[in-house]
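Quick notes on the structure that follows.
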Protein chains: 2
Amino acid sequence: MRASDEMTIGNLARRTGLAVSAIRYYEEQGLIHPERNSGGQRRFRRSDIRRLSFVKIAQQFGYTLPKIATLMATLPEGRTPTKRDWEKISRSFRRTLDEQIQTLEQMRDNLDGCIGCGCLSLKKCRLYNDQDRAARLGPGPRYMMGDRPGDLD
Amino acid sequence: MRASDEMTIGNLARRTGLAVSAIRYYEEQGLIHPERNSGGQRRFRRSDIRRLSFVKIAQQFGYTLPKIATLMATLPEGRTPTKRDWEKISRSFRRTLDEQIQTLEQMRDNLDGCIGCGCLSLKKCRLYNDQDRAARLGPGPRYMMGDRPGDLD
DNA sequence: TCTTGACCTAAAGTTAGCTTGAGGAATTAC
DNA sequence: GTAATTCCTCAAGCTAACTTTAGGTCAAGA
């Protein structure tokens, strides 16, 4: 066995910090495609370390495994990804990250408005109204937080 | 039945945009404490609309139901929360929100560094190294992304 | 060779936050 | 009074991303 290029699952687990069971699960989900030796045991390439590390990072960005799988489909299995490969993906990361940050910042701004008003004057409150707007798609709430047309402020 | 202050579960569902089953579940989790009428059916107060709206908002901030329950434990069941009640909680919201934003911004900065370097030169890469640091608590990865001591850059 | 440790599959369990289904009782509308 | 709603409980199911368990097989070292 050319030890330089083949790894057992336990070895890969140690190198990536993942559990053996997680690696098997990732194979099941199509994220990696190890070969088998004559005895039926999985044998991994060194590039699988890279792939699994990529999975971990993408997960930190909030990607689901299916999404990660499609992202990785654009990456080469065997060779080191080129700068161009990586740039495409990292731009996608950057976009979702920016969106996430923007969402949180908007929530923060809304919240700040509410702190100022004590959030007892709810007809104007952004936090509730933003929610309201989303909910209106369904049979959702007409008047949030107990306020009704005639309610006092 | 004094309709002004008692609501059926279906009514509350319509007013909050929640599913009936979700409201029952929230009761089970101790987020609301409706009374029962003679026939054993739940009867809710108008203030429960407020409580459930609060639950929805806190969920948007990423709080789990148990955490929301403890947050709400500081709120009065019957009366309208005071400005002071609200300020305490909104400060807590603000803190977690700030932390979340900071985490994402750090990830973005790391990512930007990686875009610049093409992320092929991985010994310096923040994205991987931050992950590495976290993983080192366990038996984690020694060399991430396939890099080994002797590997070329 | 024998033993130990690593590996295999398949199925079931885990957590959060609910939804769905079964079987039945209470309420409301006419 | 009766039919249509709405409500009730309890148990099971759902999704994601894994882990755990059970019952074996394979590989490596002395």
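In the text below, chain A, chain B and the rest are named by the order of the sequence lines, each starting its count at 1. All values derive from a computational prediction rather than experimental measurement.
Under the 3.5 Å distance criterion, the side-chain polar atoms of B:K56 are matched with a main-chain donor or acceptor of B:T16. Of the possible donor and acceptor atoms, none in the side chain of B:S92 sits under 3.5 Å from a partner among the backbone N and O of B:K88. Judged by distance alone, with hydrogens and angles left aside, the side-chain atoms of B:Q100 form a donor-acceptor pair with the main-chain N or O of B:F61 at under 3.5 Å. Side-chain atoms of A:Q59 do not come within 3.5 Å of backbone N or O of A:I68 as any donor-acceptor pair. Side chain of B:R94 to main chain of A:R108: no donor-acceptor pair is present (N/O by atom type, distance under 3.5 Å, no hydrogens or angles). Of the possible donor and acceptor atoms, none in the side chain of B:D48 sits under 3.5 Å from a partner among the backbone N and O of B:R51.
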Under 4.0 Å protein heavy-atom contacts per nucleotide of nucleotides 1-10 of chain D, with B for base, S for backbone only and - for none
------SBB-

Assign a letter to each nucleotide of nucleotides 11-16 of chain C from its 5' end: B, base within under 4.0 Å of a protein heavy atom; S, sugar-phosphate only; -, no contact.
------

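Positionally, the nearest nucleotide of DNA chain C for B:Y63 lies more toward the 5' end than for the other of B:N37 and B:Y63. Two residues, A:L18 and A:S38, neighbour DNA chain D, and the one matched to the more 5' nucleotide by heavy-atom proximity is A:L18.
Protein atom CD1 of A:I23 is 13 Å distant from nucleotide atom P of C:dT9, rounded to whole Å. Atom-to-atom, CD of A:Q60 to P of D:dA17 comes out at 14 Å; the value is rounded to the nearest Å. As rounded to whole Å, 11 Å separates atom P of D:dA16 from atom NZ of A:K67. Straight-line distance from the CD atom of B:E28 to the C1' atom of C:dC18: 10 Å, rounded to whole Å.
In terms of phosphate contacts, A:Q29 brings no side-chain nitrogen or oxygen within less than 4.0 Å of OP1 or OP2 of D:dT15. OP1 and OP2 of C:dG17 both lie 4.0 Å or more from every side-chain N or O belonging to B:Y26.
Salt bridge present: B:E27 and B:R42 bring a charged side-chain N and a carboxylate O closer than 4.0 Å.
More than 12 heavy atoms of other residues, nucleotides or ligands sit less than 6.0 Å from atom CD of B:E105.
Take B:Y63 and apply the ring pair (Phe, Tyr, Trp, His ring centres under 6.0 Å) test, not counting sequence neighbours, and it matches B:F93.
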